[in-house]
Amino acid sequence: MGDPEKKKAALRIPRQKMPHLGLHLRKTTFQEVPLGYSAKQARLEAQRCLQCKRTVCIQGCPVLIDIPAFLQLIVDGDIIGASRKIKEANALPAICGRVCPQEDQCEKTCVLAKKGEPLAIGRLERYVADYEREHNAVEVPPLPPPTGKRIAVIGSGPAGLIAASELALKGHDVTIFEALHKPGGVLVYGIPEFRLPKKIVEAEINYIQSLGVKIKTGYIIGMLYSVDELFAQGFQAVFIGIGAGLPRFLNIPGENLCGIFSANEFLTRANLMFAYDFPRADTPIVVGKKVVVLGAGNTAMDAARIAIRLGADDVCIVYRRTRAEAPARIEEIQRAEEEGLKFHFLMAPTRFIGNDDGWLRTMECIRMELGEPDDSGRRRPVPIPGSEFIMEVDTIVNAIGSGSNTILFRTASDIERSKWGTIVADEETGLTSKKGVYAGGDIVTGAATVILAMGAGKAAAVAIDEYLATL
Amino acid sequence: MAKILEKTILAPKIVRMIIDTPEIARKRQAGQFVIVRISELGERIPLSIADADPERGTLTLVIQEVGKTSACLNEMEPGEEILDVVGPLGIPTHIENFGRVVGIGGGVGIAPLHPIIQALKRAGNHVTTILGGRSKEFVIMEDEMRKVSDELLICTDDGSYGKKGFVTVVLQELLDAKTPIDFCIAIGPPIMMRNVCKITKPYGVATYVSLNTIMVDGTGMCGSCRVTVDGKTRFVCVDGPEFNGHQVDFDEMFKRMETFKPLEDEAYRRHQEQMKKKPVRKVAMEGD
Ligand SMILES: Cc1cc2nc3c(=O)[nH]c(=O)nc-3n(C[C@H](O)[C@H](O)[C@H](O)COP(=O)(O)OP(=O)(O)OC[C@H]3O[C@@H](n4cnc5c(N)ncnc54)[C@H](O)[C@@H]3O)c2cc1C
Ligand code: FES
């Protein structure tokens, strides 16, 4: 933006506010909360971009979307062009626009952030992707002639979906094997409808299928077939993107009382199985009057907001550190608070106490203080001796974190794993200790983000394509 | 999708189905199970694999109507498709030549016991099988069981067939008679499995049970199936379904299995009311 007048004018435009669903509907339905920009808002917001020569925003993006270029296309009125520009780097913009932690990525490095509020890059990403989909303008790009090479992708979360689509775009024959009955990984079983509508995930998956990717649901690799059997069936390379789907428990007394759920169980019932629609849907879910969610990440916020919508009187977070250390996106914490979520910081349960029928009634907690920094660089919470107290609670959702599921490795012990159970893979290519086997996403990094999983899927696809060329 | 090929009614509210699932049929081993879902808004329920025919590519399921989903499943007819069948799940039964084995099946638990007994027999064990049911009509698969057992003992709660009493009465008699038992496996209602374990424990007879807890995914992802075994939390879907019965905390398991009871009963009641309103469905005849 050479013209200083234009630049001044741009700086005068305030960051456009995201319109939200009314609070009553938010607390009682599963409708999406942020409603998306209007055309006018989108244009105004895009005009705020200074088109800097040093594109620091791109460096903040894990998949290097050409952000200034897509913003300029919005200003020029070519919304579909803007969406396609993003898709050159990111096949799932409608999803990333909704769930990426932009405040730690592109919007963090945005120059405007220094002078005031950063450009709302995520909201614009969502806007252009929604526009393209709603105008039925999604096109299947021309595919190269088939190479005849076959690749098996295990797991259909963001890592697997992107690896599959990238490989299909290179002309390879890709089959995804997914354990659950619906593809999408955390995008369908974990992240709730009010944050990521399932029809959007479905549309993205349909797009990937239109590239020729086959998706086989209800296939548990490790049980039905081993990785070696996949090779024996004629697959020439395998990508593993099985996520971090193992619930972690606290191992304290009373943890198996009724009313204590892992976040995975609670979220899966509510999201994948539509338990909020019981009895129209067959899967039940129960929430009591007083719900405590343990942990303060995105999973915890999602679980808490589901509990609010299911009619709990009182929902609160119990977290052993403070607000400053909470890993959830600030935006999600704010929205949850608006909906009535309360927080208890520096506190952790020490045991759960039930009634004669085995139902949770109270829990004993202990207060914490912050001590020396730990491995994660955050100050370690230390219990304060003698500070125990009893708190009433009838439902617990445990969202303290997740580890890696081992079911695949029962029949694939030759794939090297770290002491945390994650797969040891080359950072750049995703290559594992086994020839022809690549991995990426949460199974390599531990629970992380959608965009990092996608980035890993993409990098592995490049490496697999090169590997196949050597065969 | 798995097509239902055959359906037989074994007892009131107990149906045997043969379904077309070639990949699982080739892979499954005794003791494993599948998870099925029958409609888009349906729940996922675990069902033991009663038998398999790898050549024909079929699985045999024996389903007892206990709630809405099992009722709907049992109302399905040959030719119809089950939306999802996932498996095989769980760790297969550990089969070896223990010597003298007692297998105990109660009610619909007789079905999954069959392939296990068959495998134990093939491994060279001397097998005594005890079958129990509420009344004569609930003692299912008697002929099949007789074929794979050295000795077959039958009892019914009401005495309408075989000895009168629970399977535990028959088992106690064997123990009283100082019958040597090297290994015992019991599959049936949870109360039956607990009572069997109570009886064998003082005699130090290794006793395994196959647990049927609440499940969602069946892959170790949710923890809804967790039980306490030997003081440790285990997942029935991936660590089981068979466990050393003397180490299982049955009390806790019974309570956990009641978690959703009021809701499940409500769904079942609604379904039964709906079925009453519907005209009776004509069973498809050959050539229809
Ligand atoms: C509740 C919740 C909220 C979140 N919110 C955000 C957010 O707002 N923003 C963000 O960036 N990230 C968020 N995350 C994290 C993000 O979802 C994950 O980092 C991301 O989904 C990881 O992708 P993945 O492809 O590695 O694995 P997953 O999405 O976990 O997918 C793995 C898939 O593999 C399948 N699978 C596992 N084992 C097998 C097997 N043996 N055979 C076949 N299939 C198998 C699983 O069923 C699953 O479908 C959230 C996570 C959760 C749980
Ligand atoms: S059924 Fe989910 S972990 Fe066992």
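Labels below follow one simple rule: chain letters A, B, ... track the order of the sequence lines, proteins then strands, and each chain is numbered from 1.
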Which atoms of [X] approach chain B - backbone, side chain, both or neither, heavy atom under 4.5 Å:
X      : result
A:R410 : side chain
A:L180 : both
A:L267 : neither
A:L224 : both
A:F266 : neither
A:L257 : backbone

Name the member of [options] that forms the most heavy-atom pairs with chain B at distances under 4.5 Å.
options                        : answer
A:V286, A:T406, A:N251         : A:V286
A:I260, A:T217, A:N398         : A:I260
A:P247, A:G218, A:S262, A:C258 : A:P247

Measuring heavy-atom distances to chain A, does [X] have an atom under 4.5 Å in its side chain, in its backbone, in both, or in neither?
X      : answer
B:F254 : neither
B:S224 : both
B:V238 : both
B:E252 : side chain
B:R256 : both
B:K27  : side chain
B:I214 : side chain
B:L89  : both

Next on the checklist: Distance check, rounded to the nearest 0.5 Å: B:T233 atom OG1 versus A:N256 atom CG?
Outcome noted: 4.0 Å
Item to check | CD1-OH distance between B:I24 and A:Y219, expressed to the nearest 0.5 angstrom | outcome: 8.0 Å
Next on the checklist: Any side-chain to backbone donor/acceptor pair from B:R226 onto A:E255? Under 3.5 Å, distance only.
Outcome noted: yes
Item to check | Test item: A:N405 side-chain N/O and B:T219 main-chain N/O as donor-acceptor pair under 3.5 Å | outcome: yes
To check you understand the geometry: which heavy-atom pair defines the closest contact between [X] and [Y], and what is its length?
X      : Y      : result
B:R44  : A:M273 : CG-CE, 3.6 Å
B:G223 : A:F249 : CA-CZ, 4.5 Å
A:D282 : B:S39  : OD2-OG, 4.4 Å
B:C222 : A:E265 : O-CB, 3.5 Å
A:P284 : B:L263 : CB-CD1, 3.7 Å

Item to check | Contact check, side chains of A:P279 and B:E266, non-hydrogen atoms, under 4.5 Å | outcome: no
Item to check | Beyond-backbone contact of B:M221 with A:T268, side-chain heavy atoms, under 4.5 angstrom | outcome: yes
Item to check | side-chain contact (heavy atoms from CB on, under 4.5 Å) between B:V86 and A:H181, worked out | outcome: CA-CA 8 Å; B:V86 192; A:H181 56 263; 5.9 Å; no
Item to check | Partners meeting side-chain contact (heavy atoms from CB on, under 4.5 Å) with B:N244 (sequence neighbours left out) | outcome: B:Y208, B:H246, B:Q247
Item to check | Close contacts, residues 353-361 of chain A versus chain B, judged by heavy atoms under 4.5 Å | outcome: A:D356, A:D357, A:G358, A:W359
Checklist entry - If you count heavy-atom pairs under 4.5 Å between each of B:G220, B:G67, B:A267 and chain A, which one has the most? => result B:G220
Item to check | side-chain contact (heavy atoms from CB on, under 4.5 Å) between B:E40 and A:F274, worked out | outcome: CA-CA 10 Å; B:E40 274 311 324; A:F274 310 107; 5.7 Å; no
